[in-house]
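Have a look at the structure below, then the notes.
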Number of protein chains: 2
Amino acid sequence: MNNTQRSTQTRTAILDEATRCFASEGYDATGVAEICEKAGVSKGAFYYHFDSKETVFLELIDSWLKNLEVTLQSVVSQSETVPTGLLDMAGRLQPVIEHNQEILGLFLELWSHASRNEKVRSATIAPYRRYQEIFAGLVRRGIAEGTLGEVDPIITGQLLLSLSSGLFLQASMDPTGADWGKVLHNSIDLILKGIERKDEK
Amino acid sequence: MNNTQRSTQTRTAILDEATRCFASEGYDATGVAEICEKAGVSKGAFYYHFDSKETVFLELIDSWLKNLEVTLQSVVSQSETVPTGLLDMAGRLQPVIEHNQEILGLFLELWSHASRNEKVRSATIAPYRRYQEIFAGLVRRGIAEGTLGEVDPIITGQLLLSLSSGLFLQASMDPTGADWGKVLHNSIDLILKGIERKDEK
DNA sequence: TATATAATACCGACCGGTCGTTATGTTATA
DNA sequence: TATAACATAACGACCGGTCGGTATTATATA
């Protein structure tokens, strides 16, 4: 195996294991030694590839938030109409909210550090505001195509994003407290009913 | 000053300062020494009154969640109709979401630890489920009094709670990212429009 | 092609410091 | 005087990060 191969191999091994640890135990409770042990590398390798534990975390959330944005964009752009697009989104989120504790845990870690650590905050807020914009754009499209009534796109977008975040939050806190996938689906249905265009008006 | 007086005085001093620290810096980043220093007491006093740092945190969130429940109950019970009750709630939450970083910070800390620490989880989930029940009961009342349409009370309650949580989350992460008070108000308005009884039907 | 040199990738013991907790001593109240 | 209510200092575990050294691979030289 050549240098670049084994380099990327240990790098990704560290990142993968760090993701798991951060998600399941939290950033603070996860030690560098622990990540290294589970990844099968030494501390030397860790600090050869990364400046600090913090940079690993930042790199993780960065790639993760970018991935999410791409996913959101593709779902939005592929949808025929806005209501079906929203339902598509709900369908995509459902398995995540129901089974993927890893993703939920990472989200939680992200949120709890974003409001205290300046670097994490700036790495989080920018993509998050773009998510708001994606949602708002979707609503605008819905108004333009006639499927949605005359609602405020920005407010409605923020409502949708807040609802998603809140559902993620509750699902990660209390996974068995409700059928979260169903709650998600019905919530979207309910909101859609509220913002869809009423013809009789 | 007699013994019981000064005892409760230092006790509450510790609890107050712990609240501030946990909220602004987070549980892990807050040291026992820091709490003691700001509260003007010694470590000896701290461990004379509390078993551990964790028990302080648990006591804090317990009283805090109980307070919240009382507040929710009172707002709900004092409202004339359900729609006005929801708008009242939004009005109550608005100053919190706009200005009170302390409360938001504590919430964040609560959430991030509830999914990892078993004691925190059990202390959190029980009241949270009661909140869901309060919201669901409010919706049921609305259907009964004829102000709301035939929506699912449980799902709608969870929707409302998720939305609130999500708004809290975003407001604490990105306080200047939006006029969160306005978003809250408009979101409630929008949902109300969706679930209010339509007479023409 | 064989060998020397250099650069890359990695190892693991160790350091400085922090943190929660405890053991012991001191003061105020009953 | 006895006990409750504190203060002080120290302990021991742990953790992020460093550093001298070692393989492993790449490159230059002959």
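We name chains A, B, ... by the order of the sequence lines, and we start the count at 1 in each one.
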Letter per nucleotide, 5' to 3', of nucleotides 11-25 of chain D [B base touched, S only sugar-phosphate touched, - untouched; heavy atoms, 4.0 Å]: -----BBB------S
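Between the CZ atom of R11(B) and the C1' atom of dC6(D) there is a distance of 15 Å, given to the nearest Å.
Ion pairing between R116(B) and E25(A) fails under the 4.0 Å rule for side-chain N and carboxylate O. Salt bridge annotation for D62(A)-K66(A): present, with a cationic side-chain nitrogen under 4.0 angstrom from a carboxylate oxygen.
Put simply, the side chain of S162(B) never gets that close to the backbone of L159(B): no donor and acceptor are under 3.5 Å apart.
The phosphate of dA9(C) (OP1 or OP2) has a side-chain N or O of S7(A) nearer than 4.0 angstrom. Dashed line: the shortest gap from a side-chain N or O of Y48(B) to OP1 or OP2 of dA5(D) is under 4.0 Å. OP1 or OP2 of dC6(D) lies within a sub-4.0 Å distance of a side-chain N or O belonging to T10(B). Contact between the side-chain N/O atoms of H49(A) and the OP1/OP2 oxygens of dC10(C) is found at a separation under 4.0 Å.
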Show which side-chain atoms of residues 185-194 of chain B pair as donor or acceptor with protein atoms under 3.5 Å away, not counting sequence neighbours.
| residue | atom | partner | partner atom | Å |
| --- | --- | --- | --- | --- |
| S187(B) | OG | V183(B) | O | 2.7 |

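Contacts classified as side chain to side chain donor-acceptor pair (under 3.5 Å) and involving residues 42-51 of chain A (residues at least two apart or in different chains) are given here: T10(A)-H49(A).
Between Y27(B) and H113(B), the ring planes are perpendicular. Angles over 60° get that label, and only those under 30° would be called parallel.
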